[in-house]
There are 2 protein chains.
Amino acid sequence: MAASGHVTTSPDPARALELLSHSPIFGGAAPAALRPLAALGRFRTLRRGDVLFRSGDILETLFLVSSGSVRVYRVVRGGTRELTLHVEGPRQLVAGASVFGGDDPAPAHAVALQTPTEVLCLPAASVREQVFGTPALAAAVIAALARRQAELLARLEELVFSELGERLAVYLLDHAAAPHALPPNSDLAALLGTVPELVSRKLGEFYRLGLIELERRQVRVLDRAELERLAGRRGR
Amino acid sequence: MAASGHVTTSPDPARALELLSHSPIFGGAAPAALRPLAALGRFRTLRRGDVLFRSGDILETLFLVSSGSVRVYRVVRGGTRELTLHVEGPRQLVAGASVFGGDDPAPAHAVALQTPTEVLCLPAASVREQVFGTPALAAAVIAALARRQAELLARLEELVFSELGERLAVYLLDHAAAPHALPPNSDLAALLGTVPELVSRKLGEFYRLGLIELERRQVRVLDRAELERLAGRRGR
DNA sequence: GGCGGGCCTTGACCCAGGTCATGGTGTTCG
DNA sequence: CGAACACCATGACCTGGGTCAAGGCCCGCC
């Protein structure tokens, strides 16, 4: 179901163990507890746009990002809009809630955002067994899920109650510390919960106000203080 | 921190065990595992408006609703708006994510919605110890958190992408199967993510369309089919 | 070189939802 | 009984955000 087509896949217990033991979730566990998991892991290499899983899939695999990044998103409004829930980078878990939370189908899609993106695939059943039987691991997983939930809550609350300008300012502050190539407006729109046209307008507005420099999709923050004022206020 | 003032509080291990073993979260555990918890529990009786905890509190207590209901909500927009995240009835957990997810401060307020509301208070440390040490319990708690997260996601997504009319229709279908006394418009507004004025208007509109009967805050659904059409469409 | 497609930008327009202010209708309590 | 209070209803108005359509720029490809 989740696995599709012809992709590079390979075991590598040593690297898997390395990755597991440096991840925030499994990092706290004794290597002895992780070794059996590492032995079962398979690395998989993806290119931008490659699908990890789709909404509705029954997931029998837990993913841990090794390099690159994975976008987790939902399709809403009868397919007319996408909402990016989070973007996971190295050492982060994808599909944690679904794998641990019973056999409910995945509530979101996941695709690779960069080429290449490498993920470690772990069989769900074994992970569950290992995790539930190891109190320290169980605690870590629960803590991670709880934290994820808090983040999600903050993000969506921001979506509901803040204005687009605020959200865009937050994004720019978070991602454009260094001069930076902006993702396509359609990606930004999915992230900010709006449509490409409005992203374009707001960016233009910020530019006109002298808050950012914008040249061929390269942005640089010029007036950090003012952006922070715009972002700040409510929320964070 | 969480406990405030002069409230009725009392142990009752037999009832506590009864409640624990019938709750969705702890129900799967062997009574032997629950007995120590039950012995530590204290029942507390609240009246409408009584505070269980506030956003920012460090929670050292897990709550299980015994009777009545508890509203969990966030205050946003610099205090000008409230957003009800969920309303928990009997056998449901309150503050699960905070208690299990490390020592982060609570992200929301919780108050009793009815008079009387009775909750079972369990010391967080003992619960954690018990849960993490019992694989079946750990699995159940994780599953419950994951499910909660999915619900939250669906709720907030609905808030972002659906119109007020849809949300109100959903509410009416869910809560007004039998003729039913509507909560104050301000409560509804917090639940639906809007302001009382708009609730008033929409209710009036539904009434004028002959979808509901509305007499002194008593509602009855007249045209279920049409309401379902309004609610349906996108989302659920 | 020129044609076509993807993406960005911009203008015109529309509308749901929010704000503010006013007046009505209980209900409670001195 | 009547004043005070809380909640509800409704009108006027404003505005952020969404939609649609037209046009421009860039790039790859035939």
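Just so it is clear: chains get the letters A, B, ... in the order the sequence lines come, proteins before strands, and each one is counted from 1.
- Crowding of A:Arg217 atom CZ: a count of heavy atoms from other residues, nucleotides or ligands under 6.0 Å exceeding 12.
- For B:Glu197, taking side-chain heavy atoms from C-beta onward, the closest of the listed nucleotides D:dT19, C:dC20, D:dC8 is C:dC20.
- Each of C:dC8, C:dG17, C:dT19 was ranked by its minimum atom distance to the side chain of A:Ser200; first place goes to C:dC8.
- Note on B:Arg201: a base of the nucleic acid sits closer than 4.0 angstrom, heavy atoms only.
- Minimum atom distance to the side chain of A:Asn185 is reached by C:dT9, of the listed C:dT10, C:dT9, D:dG18.
- A donor atom on one side chain and an acceptor atom on the other are found under 3.5 Å apart for B:Thr84 and B:Arg71.
- For A:Arg77, whose side chain is taken as the heavy atoms from C-beta onward, the closest listed nucleotide among D:dC8, D:dT19, C:dT9 is D:dT19.
- Of the candidates C:dT10, D:dT19, C:dG17, C:dG17 carries the atom nearest the B:Arg167 side chain, counting heavy atoms from C-beta on.
- Between the B:Arg48 side chain and the B:Thr115 main chain, no donor and acceptor come within less than 3.5 Å of each other.
- In this structure, B:Arg81 fails the cation-pi test against A:Phe161, since its NZ or CZ atom is not both closer than 6.0 Å to the six-membered ring centre and inside 45 degrees of the ring normal.
- When the nearest nucleotides of DNA chain D are assigned to A:Arg216 and A:Arg81 by heavy-atom distance, the more 5′-ward of the two goes with A:Arg81.
- A:Arg217 comes within contact range of the sugar-phosphate backbone alone, with a heavy-atom separation under 4.0 Å but no base atom that close.
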